[in-house]
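Contents: one structure, followed by commentary.
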Protein chains: 2
Amino acid sequence: MRLSDTIEEFIKTMMAQDEQEIELKRNELAEYFSCAPSQINYVLSTRFTPDHGYIIESRRGGGGYIRVIRLRQKAEDLIHYLLNERIGDSIDLKSAEILLRQLSERGELTRGQAELMYSALTPQALSVPIPENMKDNMRARILRSMLLNAARKTMA
Amino acid sequence: MRLSDTIEEFIKTMMAQDEQEIELKRNELAEYFSCAPSQINYVLSTRFTPDHGYIIESRRGGGGYIRVIRLRQKAEDLIHYLLNERIGDSIDLKSAEILLRQLSERGELTRGQAELMYSALTPQALSVPIPENMKDNMRARILRSMLLNAARKTMA
DNA sequence: AGAATATCTGACCTTCTTTGACTAAGCGCA
DNA sequence: TGCGCTTAGTCAAAGAAGGTCAGATATTCT
């Protein structure tokens, strides 16, 4: 079996017992599996992505850590759909507005959240001197990032 | 847990009970936590700056002290200051994080709002191919737009 | 077999924390 | 006034994580 698969399983086992959230030390894990620390990043970036239902947070420096958060199934499905089908790598303001309204009506987001997200995508928010055609691309990224954040909480 | 975090908490606990203002002895504190005295300065300069809502006063020599004062401002004044002066047309991620954290600690924003706003400013959210120096400019606009949105409700 | 894809490693980078040597400022007393 | 404690401040270097990326290897697909 490949090392990556072993590490993946190991992490998933840790989460099974614990909660939906674990913290790990990159160097310790690498030490434990006698591999390069960057191998851990490889595993995380290929098997613990939002599409797989996970979110990663980390901190450097003394006392640093990597936190792996598992989304609940429903949130995972929704995020998968939103990121891949609905948003992709570009979304215009009007579509984003419609999407946010739907999410709020469906109760996936509070109205406040939806409005706050919308405010981050308006022309004023993005009134920087870059080509217009790049703005919908920015909207997509910003919206993704915010939806992932929300997925950890309300979307459940 | 990091020593710096422990010291930060310790100081905040002292303030919670007491009032808006406490006085501490650098050497005693360092002694108490078995660390270099300059560690105390590190904590103060990374966690008790005006951006964090505190100011520091101190005196050397016999009977010296360090005074930590929590600033209190009316919400409108704070928001006004942030929007017009502090954020201006550019703000880096770290500063934004600090400001959002302060707003949430003060109860001007919920923690969820602060985190949602933060997620719209991360490198992933802004990972578009534009010059780095323009990103802080974008952060400022996006953050302002979101704060205005929140302010219109909470503080209207 | 050859091309495409997936895995691993190592060198180098960035961020955050901790320590210690040296510096500066009040205070009290000769 | 000047000297010597008693404090606090500064800054650079060391330490402690984690991140990135290109290239070497290994697997899988056609």
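Chain identifiers are assigned alphabetically (A, B, ...) following the order of the sequence lines, protein sequences preceding nucleic acid strands; residue numbering begins at 1 within each chain.
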Could you identify which residues of residues 116-128 of chain B place a heavy atom less than 4.0 Å from some atom of DNA chain C, listed by residue number, or say none? none
List in chain and number order the residues that pass side-chain hydrogen bond (donor to acceptor under 3.5 Å, both in side chains) with A/Arg2, two or more places apart in sequence or in another chain; answer none if no residue qualifies. A/Asp5
Applying a 4.0 Å non-hydrogen cut-off, can you work out what A/Arg47 is touching in the nucleic acid: base, sugar-phosphate, or nothing? sugar-phosphate
Please classify the nucleic acid contact of A/Asn41 as base, sugar-phosphate, or nothing, using heavy-atom distances under 4.0 Å. base
Atom-to-atom span, CG of B/Asp5 to P of D/dA17 - whole angstrom: 14 Å
Tell me yes or no: between the side chains of A/Gln73 and A/Asp77, is some donor less than 3.5 Å from an acceptor? yes
Atom-to-atom span, CD of B/Glu57 to C1' of D/dG9 - whole angstrom: 16 Å
Does one side chain, of A/Gln113 or A/Thr154, offer a donor that lies under 3.5 Å from an acceptor on the other? yes
Is it the case that over 12 heavy atoms from other parts of the model lie below 6.0 angstrom from the CZ atom of A/Arg67? yes
Verify the distance criterion only: is there a donor paired with an acceptor across the side chains of B/Gln39 and B/Arg26 at less than 3.5 Å? no
Does the side chain to side chain contact (heavy atoms under 4.5 Å, CB included) test come out yes or no for A/Thr122 and B/Ser145, once each step is laid out? CA-CA 8 Å; A/Thr122 59; B/Ser145 181; 3.6 Å; yes
Which part of the nucleic acid, if any, lies within contact of B/Arg59, taking any heavy atom under 4.0 Å across all strands shown: a base, the sugar-phosphate backbone alone, or nothing? sugar-phosphate
Let me know the distance between CZ of A/Arg67 and P of D/dG18, rounded to the nearest Å. 13 Å
Atom OH of B/Tyr65 and atom C1' of D/dG9 are separated, to the nearest Å, by 15 Å
Contacts under 3.5 Å, N or O only, protein and nucleotides 14-16 of chain D:
none

Separation of D/dT20 atom C1' from A/Leu44 atom CG, nearest Å, is 14 Å
Between which nucleotides of DNA chain C, read 5' to 3', does contact with chain B run, using atoms under 4.0 Å from its heavy atoms? C/dC16 to C/dC27
Looking at B/Gly64, is its backbone amide N or carbonyl O close enough to the side chain of B/Lys25 to form a donor-acceptor pair, meaning the two atoms are under 3.5 Å apart? yes
Under 4.0 angstrom, heavy atoms only, what part of the nucleic acid is A/Ile40 near: base, sugar-phosphate, or nothing? nothing
Could you walk me through whether A/Leu109 and A/Leu147 pass the side chain to side chain contact (heavy atoms under 4.5 Å, CB included) test, one step at a time? CA-CA 9 Å; A/Leu109 294 176; A/Leu147 286 172; 4.2 Å; yes
Interface polar pairs with nucleotides 25-29 of chain D, N/O, under 3.5 angstrom:
residue: D/dT28; atom: OP1; partner: A/Arg2; partner atom: NH2; Å: 3.0

Quick check: are there more than 12 heavy atoms from other residues, nucleotides or ligands sitting under 6.0 Å from NE2 of A/His52? yes
A/Asp92 and A/Ser95 side chains, donor-acceptor separation under 3.5 Å: yes
Can you find a side-chain donor-acceptor pair between A/Asp89 and A/Asn137 that sits under 3.5 Å? no
Does a salt bridge link B/Lys12 with B/Glu9, judged by any charged N lying under 4.0 Å from a carboxylate O? no
Mind calculating the distance between CD (B/Glu28) and P (D/dT7) to the nearest angstrom? 9 Å
With a 4.0 Å cut-off, would you call B/Glu115 and B/Arg101 a salt bridge? no
Members of residues 30-38 of chain A that approach DNA chain C, where some heavy atom sits under 4.0 Å away: A/Cys35, A/Ala36, A/Ser38
Is a donor on one side and an acceptor on the other found under 3.5 Å between the side chain of A/Arg141 and the backbone of B/Leu126? no
Atom-pair distance (CD on B/Glu23; P on D/dA8), nearest Å: 10 Å
Could you check whether atom CD of A/Glu31 has more than 12 heavy atoms from other residues, nucleotides or ligands sitting under 6.0 Å from it? no
Give the minimum heavy-atom separation between B/Tyr54 and B/Arg47, together with the two atoms involved. CD1-O, 4.3 Å
